Amino acid sequence: MESGHRNRIEEAREAHTRETGNQLCLERKNKTVANQREQNMDERIPPRMECIGVCVEELCPVCGDKVSGYHYGLLTCESCKGFFKRTVQNNKKYICAEKQQCTIDISQRKRCPSCRFHKCLHVGMRLEAVRADRMRGGRNKFGPMYKRDRALKQHRKALIQAGGFRIDSGPPLGSSIHHRHLRPLPILHSNPLPTARPPPLCSLLPSDPLAATQYQCTFFSSWTIKSEHTNNSGAPGSAARTHSEELHARPFSQQGPRMPQLVMEFVRCDPDELQLQNKITARLLQEQSGWEKHGNPSTFSLMCVMADQTLFSIVEWARTSIFFKELKVNDQMTLLHSCWSEMLLLDIISRQVLYGKVGSLLLVTGQEMELSYIASHASLTLASLVQRGQELVEKLHILKVDRQEFACIKFLILFNPDVKQLEDHQFIKSMHEQVEGALLEYTLCTSSHLLGRFAHLLLCLSELRSLSTLVEDYLYCKHLSGEVPCNNLLIEMLHAKRSWA
DNA sequence: ATAGCCTTGATA
DNA sequence: TATCAAGGCTAT
């Protein structure tokens, strides 16, 4: 308030100076301000955009407007920055008048603040970047991340320029992917990074788990270091909460119920759907050059490439995730070799539940495939697998399973205490218990049916497990008949489990 | 309430 | 010292 008052005085003084033209009356500070403004007008803004690199063309992941810089964790436009700030600072609560599926773009972003805010969170805007103390200026802990992201974008830009293609302006995934029963790809916002030939799993995991710690290693620290954003509004009872409660239950954005801290961390670990979509699409584009030489690939081969790339993203997710990154590489590999098909299936199923439409299968690339097409063209085995998958999607849909719960289920699958040959079995068992506890706590917070919801989720998990075994068997048969494209992670995974048995 | 522009201030 | 992401101000 005081600073606002001072600003008004300064502005009044500047206005007066402009009017009178009496530059001599200006204080030195005011001269600096004036100089800065002049710089803003001519040279300062363009270099800044240069600095951002590719973001000159990059669009806000929330509404598609022009990006103005990094705000609250990622590149966004000025309006979404302001919207996010207002929402968090003023602890606003919105309710969607529709089904929480409103389109957010430049023209419609004002229409539904609820969906806009959800999208802000979904694309990765960080609540904790909004300062509780409202202090201006300076830098926060995200600085290094912004720097890395900038470097990465520059690197991508260089690669894309060298490769001579881009995905968001060029033709959509060539006819080979595009034709037949797939709907066109949606507009993709950022320039994806084509990856090199798939390396084996062991080379994807760091030899020293601690070496993998980059930005996301704040997971553990968040257990001990209080987040920048704390609710100081003096909610009733907050003062009486114990330290343990403080760690496990924090006010959760707009919904009202308290979300266990651990669940929040799990959600934070979750890769962004759009980024994943871009990455895998880029990989498919790269594969395309190979296909052009050998004719169009079968739909099944395409699905294998998508599955393979999804596996890479799963490994990447696990590698940088809370608890998992603390494990020895051998245990990391054992766990991943053990759960890959469940993770893959969960990835597909959660996409249908969270974003999919009835009657079609939403692929990781954002394309849609008609279920009726699958039913009529796939083999009996595959059609029945898809059918069982759909039934599970339906169950989870009825339960209205949300991102938070899916994030927990991923960790439940990953830390499977029933896996043999683990060096640190005790740690994995205790992690599994912690995840289960967090999920239970979350379901108790969000559901009025007490243990019913939690039990239903565990039943679905059990169904997922049995289905994944069938999927593995099916894929292994296809592999034996030479239909699974070679040199990939999918095949490594298929072999890994068989070699134990 | 929104969104564009302005001020601030820790850090590289 | 320049940078740039925070918060602030204000016309719409």
Side-chain angles (χ1 to χ4, degrees), chain A residues 1-15 17-18 26-53 55-56 58-60 62-97 102 104-117 119-120 124-151 153-154 215 227-230 232 254:
Chain A
M1 196 146 129
E2 200 181 293
S3 66
H5 182 59
R6 197 171 56 240
N7 288 338
R8 274 191 289 277
I9 294 172
E10 278 173 14
E11 275 166 20
R13 194 188 279 164
E14 275 179 53
T17 310
R18 275 196 300 272
L26 278 174
E27 286 175 14
R28 215 170 63 114
K29 188 181 171 188
N30 282 359
K31 273 188 189 163
T32 317
V33 167
N35 287 342
Q36 270 183 1
R37 284 200 185 145
E38 270 174 37
Q39 276 182 345
N40 270 341
M41 294 306 286
D42 46 52
E43 47 184 90
R44 191 158 159 253
I45 290 171
R48 182 171 170 165
M49 294 305 279
E50 270 305 308
C51 222
I52 293 167
C55 84
V56 175
E58 198 157 330
L59 304 175
C60 173
V62 181
C63 70
D65 200 351
K66 201 179 83 182
V67 153
S68 72
Y70 285 91
H71 307 294
Y72 309 110
L74 70 161
L75 289 169
T76 72
C77 69
E78 197 62 23
S79 70
C80 289
K81 165 200 156 188
F83 169 77
F84 190 77
K85 181 184 70 175
R86 285 194 301 276
T87 304
V88 179
Q89 277 183 342
N90 303 325
N91 195 23
K92 286 182 186 294
K93 288 176 173 56
Y94 309 114
I95 294 167
C96 176
C102 305
I104 305 297
D105 56 28
I106 304 183
S107 59
Q108 299 180 77
R109 64 190 176 195
K110 287 192 207 171
R111 209 177 272 180
C112 180
S114 172
C115 289
R116 189 183 189 182
F117 187 63
K119 196 165 176 192
C120 285
M125 291 183 83
R126 303 299 189 100
L127 292 166
E128 65 269 34
V130 179
R131 296 173 185 168
D133 58 6
R134 297 199 165 201
M135 198 189 79
R136 302 171 75 179
R139 297 283 161 90
N140 60 15
K141 63 180 178 186
F142 295 103
M145 181 183 73
Y146 296 147
K147 198 176 165 186
R148 266 200 300 281
D149 190 60
R150 215 173 259 132
K153 282 186 161 57
Q154 287 287 357
Y215 169 66
S227 145
E228 266 190 71
H229 175 74
T230 48
N232 288 346
Q254 306 306 296

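Every chain is numbered from 1 and lettered A, B, ... according to where its sequence line falls, protein lines coming before strand lines. None of these values were measured; they are calculated from a predicted model.
- Partners of Phe84(A) according to the ring pair (Phe, Tyr, Trp, His ring centres under 6.0 Å) rule, which considers only residues two or more places apart in sequence or in another chain, are Tyr72(A), Phe117(A).
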### Query
Can Tyr70(A) and Thr76(A) be said to form a side-chain hydrogen bond (donor to acceptor under 3.5 Å, both in side chains), step by step?
CA-CA 6 Å; Tyr70(A) 285 91; Thr76(A) 72; over 6 Å; no
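- Contact between Arg116(A) and Cys80(A) at its shortest, heavy atoms only, is NH2-SG, 3.4 Å.
- Not one side-chain nitrogen or oxygen of Tyr146(A) sits closer than 4.0 Å to the OP1 or OP2 atom of dA12(B).
- The side chain of Tyr70(A) places no N or O atom within less than 4.0 Å of a non-bridging phosphate oxygen (OP1 or OP2) of dA6(C).
- Asn140(A) has a side-chain polar atom (N or O) that falls below the 4.0 Å cut-off from OP1 or OP2 of dA6(C).
- For residues 70-79 of chain A, the pairs satisfying salt bridge (charged side-chain N to carboxylate O under 4.0 Å, His left out) are Glu78(A)-Lys81(A), with sequence neighbours left out.
- Within the structure, the salt bridge (charged side-chain N to carboxylate O under 4.0 Å, His left out) test picks out the following pairs touching residues 106-115 of chain A (sequence neighbours left out): Asp65(A)-Arg109(A).
- Put simply, Arg134(A) has no side-chain N or O that comes within less than 4.0 Å of OP1 or OP2 on dA6(C).
- Rounded to whole Å, the distance from CG on Asp133(A) to P on dG9(B) is 12 Å.
- Going from atom CZ of Arg136(A) over to atom C1' of dT11(B) covers 18 Å, rounded to whole Å.
- Residue Arg139(A) is classed as a base contact, given a heavy-atom separation below 4.0 Å to a base.
- In terms of phosphate contacts, Gln89(A) brings no side-chain nitrogen or oxygen within less than 4.0 Å of OP1 or OP2 of dA6(C).
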For nucleotides 2-5 of chain B, print each protein N/O atom paired with a nucleotide N/O atom at under 3.5 Å, atom names and distance only.
residue : atom : partner   : partner atom : Å
dT2(B)  : OP2  : Arg86(A)  : NE           : 3.4
dT2(B)  : OP2  : Arg86(A)  : NH2          : 3.2
dT2(B)  : O5'  : Arg86(A)  : NH2          : 3.4
dA3(B)  : OP1  : Arg109(A) : NE           : 2.7
dA3(B)  : OP1  : Arg109(A) : NH2          : 3.3
dA3(B)  : OP2  : Arg116(A) : NH1          : 3.0
dA3(B)  : OP2  : Arg116(A) : NH2          : 3.1
dA3(B)  : N7   : Arg86(A)  : NH1          : 2.9
dC5(B)  : N4   : Glu78(A)  : OE2          : 2.6

